[in-house]
Amino acid sequence: MHSLFVRNYVFCAPHNLVVEYSLCSVLRYLAYTHNPTILSMRELNDQELRRREELQLLIQRGVNPYPYSFDRTHSSLQILEQFCDDAPEQLANVAVAGRIMALRRMGKASFCHIQDASGRIQIYLRTGDVPNYDDFKLYDIGDIIGVRGFVFRTKMGEITVHAQELTLLCKSLSPIPIAKEAHDEAGNTILYDAFADKELRYRQRYKDLIVNPHVRDIFIKRSTIIRAMRQFFDERGWLEVETPILQPLYGGALARPFTTYHNALDTTLYLRIADELYLKRLIVGGFEGVYEISKNFRNEGMDRTHNPEFTMMEIYVAYKDVFWMMGMVEQLLEYIAVTALGSTEIVLGSSPHTTAISLRPPFRRLTLFDSIYEYTGEDIRALDTSALHAVAKKLHVDIDAQAPAAKVIDEIFTTKVQPHLVQPTYITDYPLALSPLAKKHRTHEGLTERFELFINGQECANAYSELNDPIDQRQRLEEQARFRAAGDDEAMVIDEDFLHALEIGMPPTAGLGMGIDRLVMLLTNQESIRDVLLFPQMKRLG
RNA sequence: GACCCCGUAGCUCAGAGGUAGAGCAUUUGACUUUUAAUCAAAGGGCCGAUGGUUCGAUCCCAUCCGGGGUCACCA
């Protein structure tokens, strides 16, 4: 019976050191690491065992596999840019470092490619030229090395560092996915066997970033986009602020929150669903332009465009209204596109199904009712609730028979108009009932001063002339409270302190929210939010 | 939450009711300018998990886990 649970492994280490150990299914795994007696919870595959063996050999040869630093003189890109065939002596003594990504051994000489943050460069190693060439035989793809040497161009024409010193900077104990690169005649890079399993890519993003260069590019671009946005705001004198993530009351959006608990305060706290109410308090407090780029959390479904935590930018500017905001957003998007992409013209999708989009201002402006008339032929601005339901039915818009008028309008718009809004389009003049924090329209009864910006059929931004009439605001929140009491758990809760702030007095203010993740999706041509989040939310394993 | 598709070697993928296949990666040997290096040989798998049908299941069925997609919900 005992033998059922024990598998014997004999492991031949170098220098006649024989290590024998058992793998017991009760304890699960016994791993050979620096110390062969250490227990590991994970069974090691043959490649991992072999790498540990190589590690031991290197240590026995006096090599420190995890040294403390390495002085580089150049990045791989700098070498490629600076090399000059007529004057190779200018790069006669360079030091580069990076991860071994490809390895071609030819006995007494070897080529490898190392990868650093700027790209890849080829290394040439030759016995005699590198004192520790024998150690190199124990290096693997995935190891990080430092190389000192001179730069030359090979027979095949590739700029290469001829190594004279070789230093192991980190021994990799687990293999990275191998994706071979080739280049066609046009100079395009072809990837063979690319690391493509989405689950593994998201869960082990570090491997994804090592192996898939275009993934790095997306996140570099994301950073550029956010930096450009900050620059744009900072240049205009608006202040970046930080407001609470943990909130005793949540507000500013219609959404279900995450709930948590603070032990010392003995109280329930919520993770914020929006920054809005705190940022408006700051406008009350006398700041005249504040913005925040921050994580919001909504306890809702996940799909291609929703992650439970996501990044939102909100900005509030005093003495401005929603019409001013439309102009500002046009400038902002143009600035970001030019800074991050070099152009206002973007192409979405992949050949042959592409969509060209221009972010060049001005954007089209259309009222909600006009847009519905344009795309359905139905003029619904004067209709009552039952007539609206009749129109919805005629348009084959599926809607709950009990839905209020505003909900019917919203549904008609979402299904019949929104998909057509491919080029940047401002939709304005939303019904009051859909906009509990927006100021009443100055000329149209029952509407608010609000716009949403649509690009490629998706909402990209949402803005109001902010409601600063505390009595009106209280009535609107009380209505939300009634919805809530009637079972709508996404309706807003009454925030007395926010209402008190408005009673102190908030100047006329324009406010804007813009989803950063979706903006990045748009500007990097990604169809899933998970591809613009470094670590998207995933289900827990096992 | 509903429906559809997927889960096989480190990676990318074939496969078939009867002892598991390829390329790359890995190991051994050859090779001092290669580049998807090449040539020769070898090792590597609880075929996502559990149960059922069957003489026999990785394959068929059910349930579960994980992923992708569509829809619903949600800005």
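This structure is a prediction, so every number in the text was calculated from the model and none was measured. Order of the sequence lines sets the chain letters (A, B, ...), proteins ahead of strands, with each chain counted from 1.
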Those residues that, when tested against Tyr192(A), pass side chain to side chain contact (heavy atoms under 4.5 Å, CB included) (two or more places apart): Lys180(A), Ala182(A), Ile190(A)

Separation between the P atoms of C61(B) and A16(B), rounded to whole Å: 15 Å

Sugar-phosphate only, base, or nothing, as touched by Phe152(A) at under 4.0 Å among non-hydrogen atoms: base

Measure all distances between protein nitrogen or oxygen atoms and nitrogen or oxygen atoms of nucleotides 69-73 of chain B, and list the pairs falling under 3.5 Å.
from, atom 1, to, atom 2, distance (Å)
U70(B), OP1, Arg304(A), NH1, 2.7
U70(B), OP2, Arg304(A), NH1, 3.0

Distance, rounded to the nearest Å, where Glu48(A) contributes CD and A25(B) contributes P: 18 Å

Pairs where residues 127-142 of chain A contributes a residue and the test salt bridge (Lys or Arg N to Asp or Glu O under 4.0 Å) is met, not counting sequence neighbours: Arg50(A)-Asp140(A), Arg61(A)-Asp135(A), Arg126(A)-Asp129(A), Asp134(A)-Lys137(A), Asp140(A)-Lys171(A)

Residue pairs involving residues 99-108 of chain A (criterion salt bridge (Lys or Arg N to Asp or Glu O under 4.0 Å); sequence neighbours excluded): none

Every protein N/O lying under 3.5 Å from an N/O of nucleotides 6-11 of chain B:
from, atom 1, to, atom 2, distance (Å)
C11(B), O2', Asp193(A), O, 3.4

Arg104(A) side chain near A37(B) phosphate (N/O to OP1/OP2, under 4.0 Å): yes

Main-chain N/O of Ile210(A) paired with Gln115(A) side-chain donor or acceptor, under 3.5 Å: yes

Any Arg50(A) side-chain nitrogen or oxygen under 4.0 Å from OP1 or OP2 of U27(B): yes

Distance, C1' atom - from A41(B) to U35(B), rounded to whole angstrom: 24 Å

Atom C1', compared across U38(B) and C5(B): separation rounded to whole Å: 41 Å

Sugar-phosphate, base or nothing in reach of Arg203(A), heavy atoms under 4.0 Å: sugar-phosphate

Side-chain-base donor-acceptor pair under 3.5 Å for Thr154(A) and U34(B): yes

Asp140(A) CG to U26(B) C1', straight-line distance once rounded to whole Å: 9 Å

Salt bridge (Lys or Arg N to Asp or Glu O under 4.0 Å) partners of residues 206-215 of chain A, not counting sequence neighbours, each pair once: Arg201(A)-Asp208(A), Arg205(A)-Asp208(A)

Those residues that, when tested against Asn307(A), pass side chain to side chain donor-acceptor pair (under 3.5 Å) (two or more places apart): none

Produce the list of close N/O pairs, under 3.5 Å, pairing protein atoms with atoms of nucleotides 2-5 of chain B; give distances to one decimal.
none

Verdict with supporting geometry, Arg365(A) and Glu330(A), salt bridge (Lys or Arg N to Asp or Glu O under 4.0 Å): CA-CA 12 Å; Arg365(A) 301 180 183 194; Glu330(A) 286 171 349; 3.6 Å; yes

Whole-angstrom distance between A14(B) and C60(B), as gauged at atom P: 15 Å

Integer angstrom distance from the P of U8(B) to that of G68(B): 15 Å

Aromatic ring proximity, centroids under 6.0 angstrom, Phe363(A) and Phe451(A): no

Close approaches to RNA chain B from residues 105-114 of chain A, in residue order (heavy atom, under 4.0 Å): Arg105(A), Met106(A), Gly107(A), Lys108(A), Ala109(A), Phe111(A), His113(A)

Touch class at under 4.0 angstrom, heavy-atom based, for Gln418(A) against every strand present: nothing

Side-chain donor/acceptor contact of Gln122(A) with base of U34(B) under 3.5 Å: yes

Integer-rounded Å distance: A37(B) P and Glu158(A) CD: 11 Å

U50(B) and C65(B), which share atom name P, separated by this distance in whole Å: 15 Å

d(CZ, Arg99(A); C1', A25(B)) in whole Å: 16 Å

Between CZ on residue Arg518(A) and CD1 on residue Ile455(A), distance to nearest 0.5 Å: 12.5 Å

Residues forming a side chain to side chain donor-acceptor pair (under 3.5 Å) with Asp531(A), sequence neighbours excluded: Tyr202(A)

Touch class at under 4.0 angstrom, heavy-atom based, for Glu181(A) against every strand present: sugar-phosphate

Sugar-phosphate, base or nothing in reach of Ala253(A), heavy atoms under 4.0 Å: nothing

Lys180(A) side chain near A25(B) phosphate (N/O to OP1/OP2, under 4.0 Å): yes

pair Val96(A)-Asp116(A): side-chain heavy atoms closer than 4.5 Å: no

Pairs involving residues 417-432 of chain A, ordered by first then second residue, that meet side chain to side chain donor-acceptor pair (under 3.5 Å) (sequence neighbours left out): Asp429(A)-His441(A), Tyr430(A)-Glu452(A)

Distance between C1' atoms of U54(B) and G44(B) (Å, rounded): 31 Å

Pairwise C1' distance for A25(B) and U12(B), with rounding to whole Å: 11 Å

SB check Lys280(A) Glu466(A) (cutoff 4.0 Å): yes

Strand RNA chain B in bracket notation, Watson-Crick/G-U under 3.5 Å with | for pairs to another chain: (((((((..((((....[..)))).(((((.......))))).....(((((..]....))))))))))))....

Check: Tyr278(A)/Glu276(A) side-chain N/O donor and acceptor closer than 3.5 Å: no

